[in-house]
Amino acid sequence: MSETGPVTYDFTLAEPRWQTAWADARAFSAPDVPEPGRPKCYVLEMFPYPSGQLHMGHVRNYALGDVVARYKRAQGFQVLHPMGWDAFGLPAENAARERGVHPGTWTMDNIAAMRTTLKQLGFSFDWDREIATCLPEYYGKQQKLFVDMYRAGLVERRQSAVNWDPVDNTVLANEQVVDGRGWRSGALIEKKLLSQWFLAITKFAGPLRDALATLDRWPERVRIMQERWIGRSEGARVRFPLVSPPEPFDADLDAVEVYTTRPDTLFGMSFVAIAADHPLAQKVGVRNPDAQAFIEECRRLGTSEEAIEAAEKRGFDTGLRVANPFDPERQSPVWIANFVLSEYGTGAVFGCPCGDQRDLDFARKYGLPVPVVVLPQGEDAETFTIGATATTGAGTLINSGFLDGLATTDGKRAAIERLEAMGVGRGVVNWRLRDWGVSRQRYWGCPIPFVHCESCGVVPVPDDQLPVVLPEDVRFDRPGNPLDHHPTWKHVACPQCGAAAVRETDTFDTFVDSSWYFARFTAPHADAPTVPAAANGWLPVDQYIGGVEHAILHLLYARFFTRAMAETGHFAVEEPFAGLFTQGMVTHESYRDQSGWLYPDEIERRADGAFRRDTGAVVEIGRSEKMSKSRRNTVSPVAIIERFGADTARWFVLSDSPPERDMEWTEAGVAAAARFGQRLYRVVTAVAASPSVSDDGTISPAAEALLRATHRTIAAVTSALDDMTPNVAVARLHELTSSLAEAERAEGAGLDAARREAARTLCLLVAPMMPHLAEDMLALIEPGGPMAVARPWPKAEEKWLAVTQVTLGVQVGGKLRGTIEVAPDSPAETVLSLAEAAVAHAIDGRRIVKRVHVPNRIVNFVVAG
RNA sequence: GCGAGCUUGGCGGAAUGGUAGACGCACGAGACUUAAAAUCUCGAGUUCGAAUGAACGUGCGGGUUCGAGUCCCGCAGCUCGCACCA
């Protein structure tokens with residue numbers, strides 16, 4: 001320690017200085033197309049919604065991505081690391097309604113504020129590639145993509161139900177419907193049919209599912225979630241003819257078609273159940289007021305309280321009957337049932353109570369027959385009966401005509417063959433995945449580029465008339481979609497016939513915007529949506545990082561869009577994200593007293609509790625949970641940067657918790673991070689301050705120890721960063737810092753050189769995490785040298801990794817009883833005799849039954865008795 | 001109900017089947033200081049013991065192994081996701 005007192009690092013000066021230096025050097029700009037011969041790495045974090053301010057979750061997400069980007073750059077990769085804004089969405093319209101700000105103004109102001117924070121954090125983004133989805137240069141290209149997909153047959157228009165708020169006269173998103181009522185008006189929400197746009201994601205259901213197996217750098221659980229969401233099943237569609245349908249029935253309603261995965265159990269059929277929305281149910285409802293009442297009840301319950309009603313399976317007997325195709329003598333009733341989903345399969349099922357628990361519950365409740373057709377393994381056909389539990393597993397088919405004696409799996413195949421031969425059914429593959437409805441009746445979104453013409457129908461806006469730009473002059477003073485209300489915007493000439501026509505006033509679901517932004521980043525300013533050479537060169541994203549909440553929708557939509565863009569010739573890539581990392585949340589304790597929740601700023605946290613800063617009163621401490629405004633357990637990144645600097649914030653979010661797990665934000669933790677930064681700075685700059693010593697090439701034990709520590713740390717930090725465990729890297733860097741501090745108090749030949757090497761190495765290893773501090777220290781150690789961002793990653797040298805001595809644990813009967821020091825790879829006899837001597841007291845004269853020697857690891861003596 | 005994950009000191013966490021608890025926080029002792037802060041050094045799983053040391057110890061119960069936090073079987077608790085998918 002110098003006489004002049006502690007040296008301190010002033011981040012308020014250093015951080016802006018290095019940010020400017022990096023920008024001036026264009027240190028993070030990526031080539032348009034990666035140069036051949038050098039590896040590329042596309043690092044991407046999920047881009048933020050510009051809500052107004054960055055939160056700690058963002059800091060964690062982007063700090064992690066920045067470590068990867070900076071590390072890969074140092075390893076010689078050409079790195080693409082862009083940033084942009086998911087800038088369309090409802091909050092902007094809400095702000096407009098509540099505060100009279102234009103959504104565009106609100107959004108761009110928010111972007112400006114958040115961009116400032118990101119820049120202050122020193123993330124190594126290529127800012128020249130910044131995009132915002134709300135700008136016509138982005139969403140116009142999206143319109144082009146949509147028209148291309150329309151021409152390729154990937155876009156469809158069809159009727160679909162929306163949540164309609166009859167008081168506000170507006171369409172609500174699902175999350176705006178709370179307990180079946182509008183969040184704002186409180187009105188009972190109605191289902192209303194509108195003609196809407198759909199992307200044919202189901203056309204890719206097979207490939208999207210199959211390719212999951214190739215995504216080996218994705219978390220297993222995300223792949224499982226997607227697989228279940230896509231939901232492939234194999235079964236059969238079977239037509240059951242209605243037995244003597246009553247007179248006014250249409251010809252096309254003379255049968256009920258069901259989807260089943262268990263055609264093998266057709267002989268066990270007890271009833272057919274149809275959804276309340278099924279055309280046949282509608283038909284019955286017209287003639288039968290009781291049926292109509294039941295149907296309406298089903299619809300009401302359908303919206304929200306399904307969780308409560310889930311247990312209650314209810315049905316209504318229509319009085320209609322169908323014949324079993326395998327045995328026309330056997331007839332079964334047709335029920336309308338609240339548990340049948342109209343959107344899945346055919347909206348109708350056949351019930352086989354003995355083989356399906358839900359069917360069994362239903363049959364028991366309404367006294368329907370329970371024919372036994374599946375005999376479980378080990379049961380006797382004479383004595384086996386069904387009680388309260390159905391036989392859902394495999395078994396042998398009985399009472400099933402031509403299927404008797406077959407195993408259920410073989411019976412399934414045989415039943416399908418017979419159905420197909422008879423022409424009453426066929427084997428099909430069914431998917432749970434539905435097409436993606438992208439229409440939103442909103443202003444602040446990308447206009448859907450179509451025109452409705454009375455004579456030409458639906459006409460895409462021609463390429464030379466794109467983009468269809470959102471009008472600026474809109475009013476939010478009445479409910480509904482301002483685009484629809486606009487006096488002139490929607491009135492245009494038909495692009496095809498020139499007659500007066502009307503624009504589509506719906507805009508895209510904002511998930512569309514985020515389904516291709518990663519591709520746009522590869523050529524963000526191109527006139528076309530992509531430049532194939534750039535996209536093919538950079539894609540796929542090598543490491544994508546974001547929250548697990550996007551495990552299904554965003555990631556599935558992006559995977560679909562990638563395939564659709566490939567099919568429409570925008571590039572030749574099938575999967576957008578080769579590597580995916582889902583990071584955990586940032587949590588914090590919450591505090592409350594009689595007056596309600598308190599911000600962390602308002603309390604003082606001590607070992608013995610939490611106290612109000614103003615009154616000193618005791619405050620109740622709640623458990624640590626996700627930071628949220630409602631609990632006021634938030635910490636503002638802006639305030640943290642001001643107080644501690646960007647590097648401290650970054651270091652802290654990378655320390656301790658492995659990134660896939662939740663991390664707890666604590667004051668003590670940030671303080672520790674800040675303290676370490678200062679300590680590191682003192683230790684490293686002490687090396688810079690000490691006079692250079694000439695050296696004759698000899699290396700004292702102290703110097704050797706430091707060199708070994710240095711190179712061990714290089715190896716450890718490298719593998720930690722490869723494994724995405726920056727918390728482990730942090731621990732190893734703490735250790736090397738301590739080793740260097742220790743070496744400063746030592747003396748010996750070669751120590752000066754060793755210390756300089758250790759200090760320089762520390763700078764480089766720390767740089768991905770605390771880049772400003774690293775630059776500052778490096779500039780002091782090697783004035784005039786290149787910046788850290790321009791230097792290669794240090795290389796661990798073998799000669800310093802080799803160990804000269806190993807400590808072996810010596811066990812007796814598997815319990816540690818001592819340790820010995822030996823040269824590596826010492827002969828077994830030497831090791832064993834040393835070891836035996838070391839634990840003689842524990843062996844205590846007992847006979848050694850077995851000697852286990854694992855070279856350089858452990859010795860274990862198994863003793864008798 | 002189905003699926004996934006997690007469970008290690010007072011706390012966050014570390015640990016290719018081989019010395020459990022690295023690193024950090026909080027805590028304690030000491031140095032420096034008139035004092036405090038800052039900084040530095042040292043200590044510490046629990047229990048017993050003055051101590052060399054011993055017993056116990058990675059949610060619980062079994063198993064494999066010379067050796068299990070790690071592998072296998074069963075169970076519990078917590079978290080998340082999906083939830084009548086025929």
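Worth knowing before you read on, the calculation uses all heavy atoms, side chains too, and leaves out hydrogens, waters and symmetry mates.
Contacts of Val859(A) with the nucleic acid, taken as non-hydrogen atoms under 4.0 Å apart, are absent. Looking at heavy-atom distances under 4.0 Å, Asn430(A) makes no contact with the nucleic acid at all. Counting non-hydrogen atoms under 4.0 angstrom, Gln811(A) reaches a base of the nucleic acid. Using a 4.0 Å heavy-atom criterion, one finds that Thr260(A) contacts the sugar-phosphate atoms exclusively. Within the nucleic acid shown, Leu341(A) comes within 4.0 Å of at least one base atom, counting heavy atoms only.
A straight line from CD of Gln226(A) to C1' of G3(B) spans 15 Å, rounded to a whole angstrom. To the nearest angstrom, P of A22(B) lies 16 Å from CZ of Arg712(A). Rounded to whole Å, atom C1' of U19(B) lies 17 Å from atom CG of Leu834(A). Taking atom CG on Leu733(A) and atom P on G13(B), their separation rounds to 20 Å, with Å as the unit.
Of the N and O atoms on the side chains of Glu821(A) and Thr807(A), at least one donor lies less than 3.5 Å from an acceptor on the other residue. Side-chain atoms of Ser233(A) and Tyr259(A) include a donor-acceptor pair closer than 3.5 Å.
Side chain of Ala672(A), nearest nucleotide from A14(B), G24(B), C82(B): G24(B). In the set C56(B), A14(B), G81(B), the nucleotide with an atom closest to the side chain of Lys815(A) is C56(B).
With hydrogens and angles ignored, no donor-acceptor pair closer than 3.5 Å exists between the side chain of Arg851(A) and the base of C66(B). Between the side chain of Lys313(A) and the base of C84(B), at least one donor-acceptor pair of N or O atoms lies under 3.5 Å. Between the base of A38(B) and the side chain of Arg675(A) there is no donor-acceptor pair shorter than 3.5 Å.
Shown for residues 344-360 of chain A: residues whose heavy atoms fall under 4.0 angstrom of RNA chain B, namely Tyr344(A), Val349(A), Arg358(A).
Using a 4.0 Å cut-off, some side-chain N or O of Arg679(A) falls inside it from OP1 or OP2 of C40(B). When the side-chain nitrogen and oxygen atoms of Asn727(A) are compared with OP1 and OP2 of C23(B), none of them lie within a distance under 4.0 Å. Taking 4.0 angstrom as the limit, Arg432(A) places a side-chain polar atom (N or O) nearer than this to OP1 or OP2 of A83(B). Within the structure, every side-chain polar atom (N or O) of Arg223(A) is placed at least 4.0 Å from both OP1 and OP2 of G3(B).
For Glu297(A) and Arg314(A), the salt-bridge test passes: some basic side-chain N is under 4.0 Å from an acidic carboxylate O.
Using a distance-only test at 3.5 Å, with no hydrogens or angles considered, no donor-acceptor pair links the side chain of Arg732(A) to the main chain of Arg712(A).
Taking the side chain as every heavy atom from C-beta outward, Asn61(A) and Ile545(A) approach each other to under 4.5 Å.
Mapping Glu343(A) and Glu220(A) onto RNA chain B via the closest heavy atom, the residue that lands nearer the 5' end is Glu220(A).
Consecutive Watson-Crick or G-U pairs involving RNA chain B, each under 3.5 Å on both distances, make up stems of three or more pairs at B:1-7 with B:76-82, B:10-12 with B:23-25, B:27-31 with B:39-43, B:45-48 with B:53-56, B:59-63 with B:71-75.
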